[in-house]
2 protein chains.
Amino acid sequence: MKPKLNDVAKLAGVSPTTVSRVLNNRGYISQETKDRVQEAMQQLNYFPNDVARSLFSKRTNLIGLIIPTTSNPFFGELTFHIENICASLGYKLLICNSLNQLDKEEAYVDMLMRNQVDGIIVGTHNRGIVNYDQKNIAVVAIDRFLSNTIPVVGSDNYMGGKMASELLIDKGCQHILHINGPVELETPASLRRKAYEDVMAQHGREAITYEVHDPFNQQNHYQPIQRLLDEHPEVDGLFASNDLVAASFISQAKKRGKRVPEDIRVIGYDGTDTTRNLLPELTTIQQPIQEIGRAAVELLIKEIDGQFSDVPRETYLPVKLIEASTV
Amino acid sequence: MKPKLNDVAKLAGVSPTTVSRVLNNRGYISQETKDRVQEAMQQLNYFPNDVARSLFSKRTNLIGLIIPTTSNPFFGELTFHIENICASLGYKLLICNSLNQLDKEEAYVDMLMRNQVDGIIVGTHNRGIVNYDQKNIAVVAIDRFLSNTIPVVGSDNYMGGKMASELLIDKGCQHILHINGPVELETPASLRRKAYEDVMAQHGREAITYEVHDPFNQQNHYQPIQRLLDEHPEVDGLFASNDLVAASFISQAKKRGKRVPEDIRVIGYDGTDTTRNLLPELTTIQQPIQEIGRAAVELLIKEIDGQFSDVPRETYLPVKLIEASTV
DNA sequence: CTGAAAGCGCTTACAG
DNA sequence: CTGAAAGCGCTTACAG
């Protein structure tokens, strides 16, 4: 059987109270008993049961992370950074891949609540249906407005969309199209689209956006891209709202004999390490993923600690243009 | 305050025992009290505290997953599938990115033990230093021999290495080189290398392997690949032990004016969805990631349930050649 | 400096 | 069919 605090107490010839005290380094204890207790712990190979501690303290140091899927490189890297930062601050991560499915997200939130997590970081699309406000728990959202009170962290989407669109203009493209996820005004990411539309308007161009329904599922890229290429054979510039879609577009365009960048210039969004490794030719707007993760965790912990007033409602971190050879 | 079981009991006018019984649907209870209790739970918005339950049951339904990093597409996808399968079986995943650092891995194992996880899935390289055998906990390893008793799950590495090497031979390559991680005989993945060496020997060729020290860090690809290209300008076939290294190789070779596949044929290993999306040209050996995840979880749960005799020591799942245009 | 008691929110024998 | 009691492994007032 696993040794428990009481076993240590007996072996050391002290009360459980005393063992707890040396464990938590709290209160006055003579060096002698401290040594004796520590030796007993060593001898028994004792380690404390955090479940019991949590029951008492009402703190689990557990954080729930709900994202579409770690399979996606952006979320895979975000998860890595968030976990890393959590670990350095003494928090542990419970991971939930919702695939943007509402029923799954709800089930995950229930699970997290029952497990008494101290807070939740949400990076999914649920059209605001899951009501986090009523849950009475610390929440931070990544790139998504969940409610009027839940803080949002993300990249400077408008600036990113602007930089991408203007770059295509500067390169002399005449027919610049855009591919994005489903329109949802509540998402900061739709600002990428807004920026594209604004830039087009400024230059007297028509803004044409095609929608990919679930951008995380590669299967779903095919159809809209085919339609786009069919309906707009004149396209000579494309801004995709994420790198995977940009990659799909490039493949399909090449299959039609189009050359990139000679015939069509392409720019993506995200700039993950994985994309940079696998497709270094892709010009893209790079999100500061580590910083987004850090900000999300730090703000969440402030909420957990009750310092709500220190938490800004919106935090947008700067993006960076990575110009490579598809543009 | 969060309502607790006792609050429900009071509101329903029954004992806590009864509430617990309807919660767990155990024992005989009249339909009437059942209804009354359920109504009280609804009214108070009650949900049970799993921390308290775990303390009693000595079961957390928590599984720890230790991997190098979810940033890597293989591990990102593996994590997704593992979490998915866990969720469908009522288990939750605590994620640990060790970056293959021994001290981190040890700290994570400690943390997991204190949190009373029911089992651990390990997918990292630690040269067998962390002694999982002594930890007295259910463990399954992904592609790694942790000890004589810990079950291993992985792809059929030898077959994969053989298929890759033979394909290059079949395509007429004369100078086939290999890039792999650090040699460590304890890892099943070194079978990819062994297969390459065997195939070369069978065809009277010299086997030449270059090592990338930490294949998960793209920075580390550069030097060995440069050396390879400097020292073996005659190379006309390359088998890389993972797709990211293959991608790095292709980029660097192209910068030297080499054409792929005309001058050098290249084949990778892993075949993740992300690679298939971003670099569909890459010929690769695809691992059955979902099946690996499923097997790992199912075996772990068998261990947790004490059915140790049903758990095979080694499970290797079949790989698949995906032939595209780099070969 | 140290210990006995009560309690964190549940569950399960044991009675009735 | 239902309840009082004890306990899961810890921690913290409260005494001394």
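The model shown is predicted, which means the values in this text are computed figures rather than measured ones. Sequence lines set the chain letters: A, B, ... in the order given, protein chains first and strands last, and positions in each chain run from 1.
- The shortest distance between the side-chain N/O atoms of B:K2 and the OP1/OP2 oxygens of C:dG9 is not below 4.0 Å.
- Rounded to whole angstrom, the span from the CZ atom of A:R59 across to the C1' atom of C:dG9 amounts to 19 Å.
- Note on B:V14: only backbone sugar-phosphate atoms sit closer than 4.0 angstrom, heavy atoms only; bases stay farther off.
- Listed by chain and residue number, A:R114, B:L23, B:N24, B:P48, B:D50 satisfy the side chain to side chain contact (heavy atoms under 4.5 Å, CB included) test with B:R53 (two or more places apart in sequence, or in another chain).
- Among the duplex regions that DNA chain C forms, those built from at least three successive Watson-Crick or G-U pairs under 3.5 Å are C:1-3 with D:14-16, C:5-12 with D:5-12, C:14-16 with D:1-3, ordered by first number.
- Counting to the nearest Å, the C1' atom of C:dC10 and the CZ atom of B:F47 are 14 Å from each other.
- Separating the CG atom of B:N6 from the P atom of D:dG3 is a distance of 12 Å, rounded to the nearest angstrom.
- Partners of B:T70 under the side chain to side chain contact (heavy atoms under 4.5 Å, CB included) rule, at least two apart in sequence or in another chain, are A:T79, A:F80, B:I67, B:T79, B:I95, B:N97.
- Considering only side-chain N and O atoms, B:S54 lies nowhere under 4.0 angstrom from the phosphate OP1 or OP2 of D:dC8.
- Ranking D:dG9, D:dT2, C:dC1 by closeness to the B:S30 side chain, first place goes to D:dT2.
- Here salt bridge (Lys or Arg N to Asp or Glu O under 4.0 Å) pairs that include residues 16-32 of chain A, with residues two or more places apart or in two chains, number zero.
- A:K34 pairs by the side chain to side chain contact (heavy atoms under 4.5 Å, CB included) definition with A:V22, A:N25, A:I29, A:Q31, A:Q38, not counting sequence neighbours.
- Under 4.0 angstrom from either OP1 or OP2 of C:dG9 there lies at least one side-chain N or O belonging to A:K58.
- B:K4 has its NZ atom 8 Å from the C1' atom of C:dC8, to the nearest Å.
- With sequence neighbours excluded, the residues satisfying side chain to side chain contact (heavy atoms under 4.5 Å, CB included) with A:S54 are A:T60, B:V51.
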Protein-to-nucleotide contact annotation, 5' to 3' order, nucleotides 11-16 of chain D [B base; S sugar-phosphate only; - none; under 4.0 Å, heavy atom] | BBB---

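- D:dG9 atom C1' lies 9 Å from atom CD of B:Q116, rounded to whole Å.
- The salt bridge (Lys or Arg N to Asp or Glu O under 4.0 Å) test applied to B:D7 returns no partner, not counting sequence neighbours.
- Distance B:M41 CE to C:dC10 C1': 14 Å, rounded to the nearest Å.
- If you measure from atom CG of A:L55 to atom P of C:dG7, you get 14 Å, rounded to the nearest angstrom.
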Could you please spell out the steps behind the side-chain hydrogen bond (donor to acceptor under 3.5 Å, both in side chains) verdict for B:S15 and B:T18?
-> CA-CA 5 Å; B:S15 74; B:T18 301; 3.3 Å; yes

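- Distance CG (B:N115) to C1' (D:dC10): 14 Å, rounded to an integer number of Å.
- Judged by distance alone, with hydrogens and angles left aside, the side-chain atoms of B:E77 form a donor-acceptor pair with the main-chain N or O of B:D273 at under 3.5 Å.
- For residues 292-311 of chain A, the salt bridge (Lys or Arg N to Asp or Glu O under 4.0 Å) pairs, not counting sequence neighbours, are A:R59-A:D305, A:R294-A:E298.
- For B:Y28 and D:dG3, the shortest distance from a side-chain N or O to OP1 or OP2 is not below 4.0 Å.
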